[in-house]
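Below: one structure, written as structure tokens.
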Amino acid sequence: MTLILKQIFSLLKMINSETGTNQIAAGIAFGFILGMAPGFSLQTLMVILLALFFRVQFGAVFVAAFFFKFIAWPFDPLFDHIGRSVLEADSLQVILTSAYNLPILPFTKFYNSVVMGSGVLSILLFPVIFFLTRIMIAKYREKVIARIQGTKIFKAMQATSLFKWYAKYDKLY
Amino acid sequence: MTNSTNPNASSEVKKKRTPGPIRTGVVVPLFLLGLVIFLYFKLFFDANLKWGMSVAASKINGAQVDIASLSTSFTQASFELGGLQVTDKKNPDFNILEIKKISSKLLWDGLLRGKFVMDNFSILGIAWQSKRSSPGQVLPERPIESKEQKPSAAGKLAQEAESAALKEAQKEFKGNALGDLAAILEGGDVKEQMGEIRETLETEKYINSLEQEITGKQKLWEEKIKSLPNKEELEQLVEKLKSTKLDSNPLTAAKQLKSFKDDFSKISQAVKIVKEGSKQISSSIKTFEGAFSKIDDLVAQDLKNLQTRFKIPSLDTKNLAQGLFAPFVVSKLGGAKKYIDIAREYLPPKKSAEEKQKEELQRPKPRARAHGVDYRFPKKGAYPLAWIKNVEISSKSPQNEPGSTQGNLSGVGHNFTSDAQVVGKPMQLDIKGDFPGQNISGTHLQFKLNHHLPNPNEEAELKVASYPVSNFELSKSDKLTFGLKKAQGAIELELNHSEGHVKMNIANRFRQIDYLLESQNKKVQEILSSILKGIPEVTLDASAEGSWSSLHWNFKSNLGDELAQGLKREISGRVEKAKAELKKKLDDKIGPKRKMIEQKFAQVKGKMNSLLGEREKEIEAAKNRAQGALDEKSKANKPALQEKGKNVLKGLKKKFKF
């Protein structure tokens, strides 16, 4: 839990800084895949390992997974429809039959219509989410952060000894 | 001051260094974690698992459970357990069960597909009630919560099967053939043995109901006859025909004649109604008469029931063999069905043709799920969810221990699976061995569950080359106890079961027989002893076919034949006399009533026939009279009509000057 909180604080800090745009965007995109997938399966584990292996902002992964998990359920009928279309496609029957009888692959539960539908859709939308998040972070920094930093309250806060002490601590650690 | 000496400049260089896309820092911790897990499984896992299993099993058993060795292999997916000893908590010096070795090996090929496929599973050196090297520790008893003990699904099936079989046995094979024969053999008074027929017989009940029915029918028929057109109604029309004079005018007379013809057709219609009504009533009487023929069938049934109740034995060889051996054989049926039911429950056979079509290689219909549907893409030759390809079991009996129930058994099994359709092979078990402590040798048990076939069926075969028989009572009553005191038996049993249909064949041979024959009556003892001396070997061949709830048995035994032949010489006359006496009693009881009812019906029938005949005769006579009157009138009017016609013609000629 501490680790997750630490990652979330790190996300907040990074989002308000001027660095790590790609890391945050990739984290949210990975979190999108995790959030859309129903339940836990092999691909969930694979996404977590990828997020661990690549320099992705982990807090963004957790927050995005949590967020998309909540908003994903109304789309289940859509996932189901897409999944059925893929699983019932005549041209894919040979591949699907082979995959079903291959080692390991069945643990992904690809044969379930919702898993297949959400998987296909989330992988297709992965780059869209990545670039969209990048744009949104840039806009946030440009519009919101700059405006907050220009306020008198923020400037007054910066002048306090507590803020200075925090800034020094942040620099050191 | 150069940049190299300035610490601030160094930190600036560090800040500029941008990290790569791969998180290299995580590799070492992950490697270390993997190493720790590997070392734990390599060094400590087996010991910990052995300890955990031993503790858990001891708690379940309530007494010490020892496991001498345990080894697992991740790479081989194997498991091997050695020296399992389960202490008997009632007698801690002994084990309830001892197994020398249990080994299994799963296939990684299956595991990677989420399937449990075992190449070989063996349980070797099974022994019951073996002596322990040191007494096992018995755990203190825990208070048991009082819960209603309900049998499991399989247990319930077994109980139902057993009770159904026993009920069937009791229903069909009650009685004591030899005991009843002995009573007759003793030569007592047949009349005394029979007693009186006190109960109301089925025939009597039927006759009483017939009597009531006759009264009702008589009333009904009489009413029907009354409702038919009668003589009085027709006489009026006949009189009208006769008394009405024809008009002098031929044309008016012709009109009158037409009216007479209408009246006559009414009379004809009435005659027709009477004839049809008469026909219907006669038919009803005839149908009712057929009900009397059932009395004969009921008399025969009552006679059979009374023969059983008064213990009048049958000397038919088939019945005798059945009476001797059926209760014993059928009482063993519950056990056989129990195992088939359990096998069907846990090793399900093929599904219906529709389900098969859906689940086979063609695209199956998706199974509904809470979220989405699971599709299946099976392939022939794929693994089922669980499959033990080969099973090996063995047990060893301790040497020189008479009375021991343990045997030297060895068995192999093949294709124990959760889905025989996918495997496409039958499930088989073959066990051979001896039970030296019980003096049983040449035991061979074979099971074959053909659940992979379109019509699933089960086959079982049991052969025992030699087994001892002692105090096998075939017939027991106050008068006589008969059976096999000592013998050496051999049995061959074949059982086929398919879709609730059972076919069973049992062949039994008893040799080296010492008969058990006890009777208070010396004569009975002598007669039966002399018969049995000529029977050195007893055969018993039984076959059964049908559903479990109604099996049709057929027994054949040389003992039945020999006894029947021997006893026939002695007592057939008395049995026949007893039967004749019973028939007489039955006739005495039923005869008067039967005669009365037959007489009553004859009276009713006669009366009805007479009434109908009379009515038909009367109405026919009225019709004839009406016919005569009508003919007479028509004849009388004919010349006048001709004369009138001629005059009209003459007038016309004059008018037109011909």
Side-chain angles (χ1 to χ4, degrees), chain A residues 19-20 22-23 26-27 37-39 41-42 48-58 72-73 75-90 92-119 171-172, chain B residues 7-8 11-12 14-34 77 106-117 358-385 387 419 422-423:
Chain A
T19 56
N22 285 339
Q23 290 173 33
S41 52
L42 189 67
I48 292 171
L49 281 174
L50 277 174
L52 201 73
F53 187 70
F54 290 104
R55 203 171 292 281
V56 170
Q57 217 294 317
F58 235 74
W73 66 267
F75 298 104
D76 271 353
L78 175 70
F79 298 151
D80 184 51
H81 183 73
I82 294 169
R84 280 170 192 249
S85 306
V86 174
L87 292 165
E88 288 176 10
D90 287 334
L92 294 173
Q93 290 307 300
V94 179
I95 297 169
L96 290 170
T97 307
S98 301
Y100 189 82
N101 292 286
L102 275 176
I104 300 171
L105 221 56
F107 291 113
T108 59
K109 293 183 185 169
F110 74 89
Y111 48 81
N112 179 267
S113 60
V114 176
V115 174
M116 175 58 92
S118 66
K171 195 178 175 185
L172 287 169
Chain B
N8 290 335
S11 68
E12 274 173 22
K14 269 184 190 173
K15 272 182 189 171
K16 278 178 190 170
R17 208 180 111 206
T18 49
I22 294 170
R23 215 191 293 264
T24 47
V26 84
V27 175
V28 175
L30 276 180
F31 173 76
L32 285 174
L33 183 70
L106 286 158
L107 292 184
W108 263 113
D109 194 32
L111 281 174
L112 289 174
R113 289 170 170 85
K115 311 286 166 63
F116 298 92
V117 183
K358 285 172 192 167
E359 290 181 7
E360 283 235 325
L361 296 174
Q362 294 168 358
R363 188 188 304 159
K365 195 184 171 186
R367 182 164 55 83
R369 213 190 67 165
H371 300 287
V373 284
D374 284 343
Y375 284 73
R376 289 187 68 208
F377 303 92
K379 200 165 75 170
K380 254 193 181 159
Y383 293 131
L385 182 63
W387 181 17
D419 195 341
V422 172
V423 172

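These numbers come from a predicted model, not from an experiment. In what follows, every heavy atom counts, from backbone to side chain, and hydrogens, waters and symmetry copies are set aside.
- Contacts of Y100(A) with chain B are made by side-chain atoms alone, with heavy-atom separations under 4.5 Å and no backbone atom involved.
- Atoms NZ and CG, from K115(B) and N101(A) in turn, are 7.0 Å apart once rounded to the nearest 0.5 Å.
- Interface remark: F53(A) contributes backbone and side-chain atoms alike to the contact with chain B (heavy atom separation under 4.5 Å).
- Expressed to the nearest 0.5 Å, how far CG of L102(A) lies from CZ of R113(B) amounts to 6.5 Å.
- Checking side-chain atoms of S113(A) against main-chain N and O of V373(B) turns up a donor-acceptor pair under 3.5 Å.
- Distance check, rounded to the nearest 0.5 Å: CZ of F377(B) to CG of L96(A) gives 4.5 Å.
- At least one side-chain heavy atom of Y375(B) sits under 4.5 Å from a side-chain heavy atom of E88(A).
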For L30(B) and L52(A): C-alpha separation, side-chain torsions, deciding distance, then whether side-chain contact (heavy atoms from CB on, under 4.5 Å) applies.
CA-CA 10 Å; L30(B) 276 180; L52(A) 201 73; 4.0 Å; yes
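- Heavy-atom neighbours of Y383(B) OH from other residues, nucleotides or ligands within 6.0 Å: above the threshold of 12.
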